[in-house]
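The next block holds one structure in the form of structure tokens; read it before the comments.
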2 protein chains.
Amino acid sequence: MRKGIYIENTPLDEALKRWSQRILASGIKPLAGEMIPVKDSLGRMTAGAVFARLSAPFYHSAAMDGYAVKFVDTFGAAEYSPKKLSIGDRAVYVDTGDPMPDGFNAVVMIEDVNVVGAGGERPGYIEIIKPAAPWQHVRAIGEDIVCTELILPENHRIRPVDIGAVISGGHVDVLVRRRPKVAIIPTGSEIVEPGTELKKGDIIEYNSRILSALVTEWGGEPLRFGPISDDPGKIKDALLDGCARADLVVINAGSSAGSEDFTAKAVAELGEVILHGINIKPGKPVILGWIKGRPVLGIPGYPVSTYITFGLFAKGLIYKWQGLEPPEPGRIPARLSRQVASSLGQEEFLRVKLGKVGDNLIATPVSRGAGVLMSLVRADGIVRVPAMSEGFGAGTEVSVEMLRGKEEIENTVVCIGSHDNALDLLANILKKNYPKYSLSSAHVGSMGGLVALKKDEAHIAGTHLLDEETGEYNVAFIKRLLADRKIVLVNLVYRQQGLVVPKGNPKRISGFKDLLRDDIVFINRQSGAGTRLLTDKYLKELKIDPKAVRGYEREEYTHMGVASAVLTGIADTGMAILAAAKALDLDFIPLAKERYDLAVPAKYLAMPTLLALLKIIMEDREFRSGVEALGGYDVSDMGKIMYES
Amino acid sequence: MRKGIYIENTPLDEALKRWSQRILASGIKPLAGEMIPVKDSLGRMTAGAVFARLSAPFYHSAAMDGYAVKFVDTFGAAEYSPKKLSIGDRAVYVDTGDPMPDGFNAVVMIEDVNVVGAGGERPGYIEIIKPAAPWQHVRAIGEDIVCTELILPENHRIRPVDIGAVISGGHVDVLVRRRPKVAIIPTGSEIVEPGTELKKGDIIEYNSRILSALVTEWGGEPLRFGPISDDPGKIKDALLDGCARADLVVINAGSSAGSEDFTAKAVAELGEVILHGINIKPGKPVILGWIKGRPVLGIPGYPVSTYITFGLFAKGLIYKWQGLEPPEPGRIPARLSRQVASSLGQEEFLRVKLGKVGDNLIATPVSRGAGVLMSLVRADGIVRVPAMSEGFGAGTEVSVEMLRGKEEIENTVVCIGSHDNALDLLANILKKNYPKYSLSSAHVGSMGGLVALKKDEAHIAGTHLLDEETGEYNVAFIKRLLADRKIVLVNLVYRQQGLVVPKGNPKRISGFKDLLRDDIVFINRQSGAGTRLLTDKYLKELKIDPKAVRGYEREEYTHMGVASAVLTGIADTGMAILAAAKALDLDFIPLAKERYDLAVPAKYLAMPTLLALLKIIMEDREFRSGVEALGGYDVSDMGKIMYES
């Protein structure tokens with residue numbers, strides 16, 4: 001049984017309704033304005049209409065270099081009877097922008113004037129051969145802005161040109177909406193500030209930094225409190241302090257259930273708990289509260305839950321306080337690349353990668369753990385699985401709320417297949433050399449990659465499949481699986497496969513035969529991975545029954561996952577590439593050198609993104625030397641075309 | 001002849017080419033990185049890949065509340081033979097998030113445990129009825145991030161979630177691109193800081209504030225210098241100082257030609273003038289220079305020229321220094337609502353308003369003066385008229401570089417027709433009550449408005465056309481001009497028309513007959529304006545020949561334009577509404593009360609924007625009382641439907 005207080009399972013729609021009703025009932029409306037210097041107002045929202053106090057220009061000025069004249073003096077001027085006007089008296093030299101002398105009401109351009117006798121001691125005069133029209137070449141008062149005119153309406157986001165116009169209209173300060181203040185209170189006795197020397201049990205506090213950045217992005221002003229330990233008194237003090245200083249208070253539980261209980265109790269004792277617990281995943285244990293006329297939001301501590309629930313319950317409020325509607329997230333239809341099961345009764349927020357392959361926009365779910373922040377970092381969008389759905393089949397068309405722009409997604413090379421550490425490096429060099437392009441890798445094993453090419457779900461597939469009959473890599477599999485496609489096979493690397501063991505190899509593992517030992521726990525790769533095929537080949541050669549290998553059934557999806565399991569003691573050994581062992585400073589028993597290629601359907605070769613990627617593989621020295629530095633790689637054939645169908 | 005140095009007329013493309021060649025030749029590339037705290041890095045660009053220094057989590061922790069056990073101890077547990085594990089020794093209570101005790105490798109959920117004899121003095125034990133799988137309910141090291149993993153690539157704009165991931169990966173600081181520094185030097189002896197007590201000839205300095213805001217928007221850091229007077233020595237000192245402190249130096253001439261000459265000379269003496277003068281309008285007298293290894297940009301002083309030339313020659317550079325491509329402006333095809341003539345040999349940057357009326361996107365040019373900053377404030381986009389074109393005919397499809405988002409343009413009500421001051425107020429209340437909606441008004445007179453409805457170029461038209469036969473307003477004209485449309489005519493106001501005269505009426509004007517006097521200069525409205533028809537009606541009634549009225553041929557497009565001309569002495573009197581006279585504190589000779597209606601084609605009535613606008617006209621008290629406060633209005637029929645066809 002769960003300790004502590006009862007958590008509800010309120011449907012999201014109802015929770016949002018109750019939250020906004022409570023907010024409306026309290027009469028929350030756009031915040032009052034504050035006067036700030038116009039020069040500092042970029043991006044702020046006007047809190048009132050801005051009318052011109054001055055005309056611009058506020059005096060008549062010359063619009064050309066020339067002589068200011070009175071137009072009546074120029075009547076009758078003609079080529080055959082030029083009109084003479086004495087300088088200083090009837091004609092005054094003006095540069096563009098100079099104020100017109102009083103009583104003068106036209107400018108004759110310097111090009112149209114014959115200056116006679118100027119300089120020396122005589123005053124001189126000008127000759128003109130055409131009458132001047134009233135106010136010709138004069139920039140009249142109010143040409144740009146007429147005094148009292150509306151320069152900016154209320155609720156307008158101030159742009160660079162607006163700053164100029166408001167200053168020009170005679171203002172030094174401008175009334176803008178106050179930024180909504182959001183108190184952000186991280187709690188939990190186990191949380192520590194970044195940079196602290198860490199001990200087991202510590203959690204580095206970063207949720208408050210994500211929340212602060214979101215508040216800033218939405219136009220608010222974050223007030224981050226120092227971490228508060230799980231002490232009911234301190235939590236209450238922080239809540240009261242937050243309510244006194246901010247418009248919205250957000251309290252972020254530590255990851256332990258205990259601290260969440262403190263929060264709900266504290267809110268209830270100081271004010272009102274509107275509800276506690278919503279049927280969403282991740283993010284269930286949300287607290288909506290009200291203390292001393294302020295909305296208080298208690299959000300769960302797993303970072304994905306923190307991010308999603310804050311968006312649901314704070315974003316709209318922060319925008320509305322600024323007199324704005326929150327921007328609608330861009331939505332785009334996409335096809336799911338694989339089946340997604342979801343529990344009935346909970347609305348799930350599924351993070352997906354998006355890839356535009358040919359005409360298809362493909363959505364591939366990434367890790368679903370509420371604690372996996374990298375699932376948000378890597379995601380291109382979010383798919384909501386309704387509470388009344390048990391999930392979607394592969395190929396279902398879903399609506400994706402976009403986290404990245406469409407152009408960014410369309411400029412992404414989708415790589416599905418076997419995992420190799422060099423792909424991380426490749427992604428980085430691509431972004432470095434071509435800032436608009438990205439490489440997105442999904443690791444489903446070599447076979448999975450070729451199947452993805454067949455289903456038009458990837459632009460390239462990383463593959464290292466050894467055909468035992470021919471001793472050749474990849475080609476036989478491509479001929480079999482992708483017979484109907486024109487495929488180009490480009491070598492990326494040759495790499496060292498072997499058994500990863502802890503530093504110093506304490507259990508003296510020397511090869512596959514040791515997997516039969518009682519004291520050895522193995523960690524495996526998923527079926528379809530080239531490395532899994534290699535594992536099974538060794539077991540078969542040694543006539544070892546997989547069932548006799550402890551841990552054979554536990555699967556990781558990447559070389560780094562295997563190495564990490566060995567590093568952390570989950571397993572004693574596993575099959576991976578040398579680069580993964582080196583990355584985590586582990587020891588390594590080499591077993592095979594294998595070829596790792598990229599398979600590319602010929603139809604994608606003309607894409608600028610693919611061309612850029614291939615150019616790096618074929619020519620880029622930084623990439624080549626970077627791969628070599630990872631360890632265990634032979635790059636002598638990097639970029640070489642190994643086969644074309 | 002123009003004084004001072006020769007200005008070229010280099011084609012824009014060639015100027016851009018020479019500028020970028022000079023920049024490339026100097027080896028300009030993305031700026032080096034600087035370390036800043038991760039928590040302050042929102043929106044900054046990574047200057048190197050960010051790899052994880054720590055795994056997250058960095059220790060195995062419980063993923064559920066329950067008891068940590070060693071899975072080997074649980075072998076054989078079954079419903080009929082529960083396994084007993086002594087608490088403290090073989091089973092340790094853990095909350096979610098707690099580190100796993102050393103040697104323990106599974107968690108049994110609290111729901112699946114029967115706790116026996118806990119409390120009191122005995123240590124107690126747990127009973128379980130199912131074996132635990134290895135590592136069940138354990139959040140393993142690296143579940144989120146594996147040490148050495150790529151968290152962010154180089155050239156990535158840091159988002160809120162990225163801040164969390166980088167901190168979680170063990171970083172306190174992050175390497176981001178230094179913001180390019182741009183020295184902004186306003187020059188001109190006539191410029192003064194905002195807030196200064198003004199005298200004739202002063203120009204309020206605001207260009208540097210527009211430039212600073214643009215630099216900020218593009219990710220750079222503006223360094224604004226105090227205004228520099230037109231003194232060659234001081235200009236040179238400022239240029240050298242700028243080159244020492246910034247990556248790019250921008251010197252903004254005062255509006256006089258003289259000061260521009262100083263700039264070119266100063267650049268030439270300190271370094272190199274790459275070119276001076278480009279075939280664009282506005283913006284011709286640009287200076288591209290190079291001093292002590294720094295690019296130096298001299299840009300003209302009229303604000304529209306300043307804005308456009310800075311965009312052309314600085315934006316790309318500021319982005320590239322950050323390792324970014326400048327964002328392409330959104331482009332959209334639109335149909336020109338009227339003819340545009342443009343001079344051959346100059347590429348013109350035409351500011352346009354855009355309106356989505358039915359399926360048509362209509363572009364209407366606004367003021368073309370380089371000194372009219374409001375033309376940029378009001379513009380929705382820019383149309384380039386190529387140097388080799390003499391302009392475009394009405395109805396031509398043009399490509400518009402958008403200054404506002406598509407959604408904003410689609411949420412704009414396009415009002416074309418007669419001008420009334422109440423429309424400014426209406427625009428403001430609409431934006432205030434419905435932040436997403438805008439009202440855009442173009443003032444072409446009543447007839448022009450009805451024609452715009454006919455051509456599907458406007459949603460509504462403001463009109464006050466008196467039919468002399470029936471004595472009725474507007475209806476007869478709608479029946480004639482819009483016979484094939486269903487039109488709803490809604491009253492906005494009754495208003496007072498009359499002659500605007502200077503405060504105190506110094507020339508004792510009492511009515512239209514005074515327009516025949518020699519000492520009176522009149523200011524007229526454009527043909528097609530209802531006020532022009534009224535003027536002509538009075539002249540006809542009094543049998544006054546328009547040719548006998550001084551100034552009859554000089555036209556303004558708005559009531560405020562007429563009032564402004566009277567205020568500034570351009571004219572002695574003109575026909576306008578009382579509100580315009582009151583706005584500028586002028587005197588007024590009332591002549592007629594007239595009805596001002598809005599004509600709306602029935603097919604637009606269902607649009608949410610139109611509904612919002614009509615709701616304000618029909619119901620909003622703030623609008624009604626605001627209009628009354630303008631003076632000279634009768635709002636008794638405001639919102640009443642006067643006619644339906």
Side-chain angles (χ1 to χ4, degrees), chain A residues 39 42 49 59 65 95-97 99 135 139-146 148 150 153-155 160-165 167-168 172 194-195 200-201 204 206 209-210 213-214 216 255-258 303 307 323-325 371-374 376-377 424 427-428 431-432 435-436 560 564 568 570 583, chain B residues 39 42 49 59 65 95-97 99 135 139-142 144-146 148 150 153-155 160-165 167-168 172 194-195 200-201 204 206 209-210 213-214 216 255-258 303 307 323-325 371-374 376-377 424 427-428 431-432 435-436 560 564 568 570 583-584:
Chain A
K39 68 183 172 64
L42 181 66
Y59 49 86
D65 297 350
D95 269 327
T96 303
W135 302 99
R139 202 171 164 232
I141 293 174
E143 180 195 279
D144 188 354
I145 301 174
V146 175
T148 76
L150 179 73
E154 185 169 339
N155 278 332
V161 283
D162 301 326
I163 290 178
I167 293 176
S168 181
V172 178
K200 220 165 118 169
I204 304 175
Y206 57 78
R209 305 305 182 177
I210 297 179
L214 286 171
T216 304
S255 61
S256 81
Y307 179 86
L324 292 170
E325 285 300 312
V372 183
L373 181 58
M374 287 303 287
L376 273 175
V377 171
D424 264 12
N428 189 54
K431 190 96 200 152
K432 180 177 178 178
K436 285 172 145 179
M560 288 302 284
S564 183
T568 61
I570 286 175
Chain B
K39 68 183 172 63
L42 182 66
Y59 50 86
D65 297 350
D95 268 328
T96 303
W135 302 101
R139 202 169 165 233
I141 292 175
D144 188 354
I145 301 174
V146 175
T148 76
L150 179 73
E154 185 169 339
N155 278 332
V161 283
D162 302 326
I163 290 179
I167 293 177
S168 181
V172 177
K200 219 163 120 171
I204 304 175
Y206 58 78
R209 305 306 183 178
I210 298 179
L214 286 171
T216 304
S255 63
S256 81
Y307 180 86
L324 292 170
E325 285 299 311
V372 183
L373 181 58
M374 286 304 286
L376 273 175
V377 171
D424 265 11
N428 189 53
K431 190 96 200 152
K432 179 177 178 177
K436 285 171 146 181
M560 286 302 284
S564 183
T568 62
I570 286 175
L584 298 184

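All values derive from a computational prediction rather than experimental measurement. The figures here come from the full heavy-atom set of this structure, side chains too, leaving out hydrogens, waters and symmetry mates.
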With respect to chain B, which residue among Pro99(A), Gly164(A), Ala49(A) yields the maximal number of heavy-atom pairs within a distance under 4.5 Å?
-> Gly164(A)
If you tally heavy-atom pairs under 4.5 Å against chain A, which of Thr148(B), Leu324(B), Thr216(B), Ile145(B) wins?
-> Thr148(B)
Heavy-atom nearest pair, Pro435(B) first then Asn155(A), reads CG-ND2, 3.7 Å
Closest non-hydrogen contact found for Pro153(A) with Asn428(B) is CA-OD1, 3.0 Å
Comparing Pro303(A), Ala140(A), Ala583(A) against chain B, the one with the most heavy-atom pairs below 4.5 Å turns out to be Ala583(A)
Looking only at atom types and distance, does a side-chain atom of Arg209(B) sit under 3.5 Å from a main-chain N or O of Ile167(A), one as donor and one as acceptor?
-> no
Which one, Gly201(A), Gly323(A), Gly142(A), leads in non-hydrogen pairs under 4.5 Å with chain B?
-> Gly201(A)
If only atom types and distance count, is the side chain of Tyr206(B) paired as donor or acceptor with the main-chain N or O of Ala165(A) below 3.5 Å?
-> no
Is chain B contacted by the side chain of Lys436(A), its backbone, both, or neither, given a heavy-atom distance below 4.5 Å?
-> side chain
What part of Leu150(B) is in contact with chain A, defined as an atom under 4.5 angstrom from a non-hydrogen atom: side chain, backbone, both or neither?
-> both
Over all atoms of both residues, closest heavy-atom pair of Leu42(B) and Ala213(A) = CD2-O, 3.5 Å
Looking at Val146(A), Val172(A), Thr568(A), which makes the most heavy-atom pairs under 4.5 Å with chain B?
-> Thr568(A)
Knowing that exactly one of Ile210(B), Val377(B), Leu373(B) qualifies, which makes a side chain to side chain contact (heavy atoms under 4.5 Å, CB included) with Asp162(A)?
-> Val377(B)
When every non-hydrogen atom of Ile204(A) is compared with those of Ser168(B), the smallest separation belongs to CD1-O, 4.4 Å
Out of Lys431(B), Glu325(B), Arg139(B), Met560(B), which one racks up the most heavy-atom pairs below 4.5 Å with chain A?
-> Lys431(B)
Ile570(B) and Ile141(A), any side-chain heavy atoms less than 4.5 Å apart | no
Part of Ser564(A) within contact of chain B (heavy atom distance under 4.5 Å) = side chain
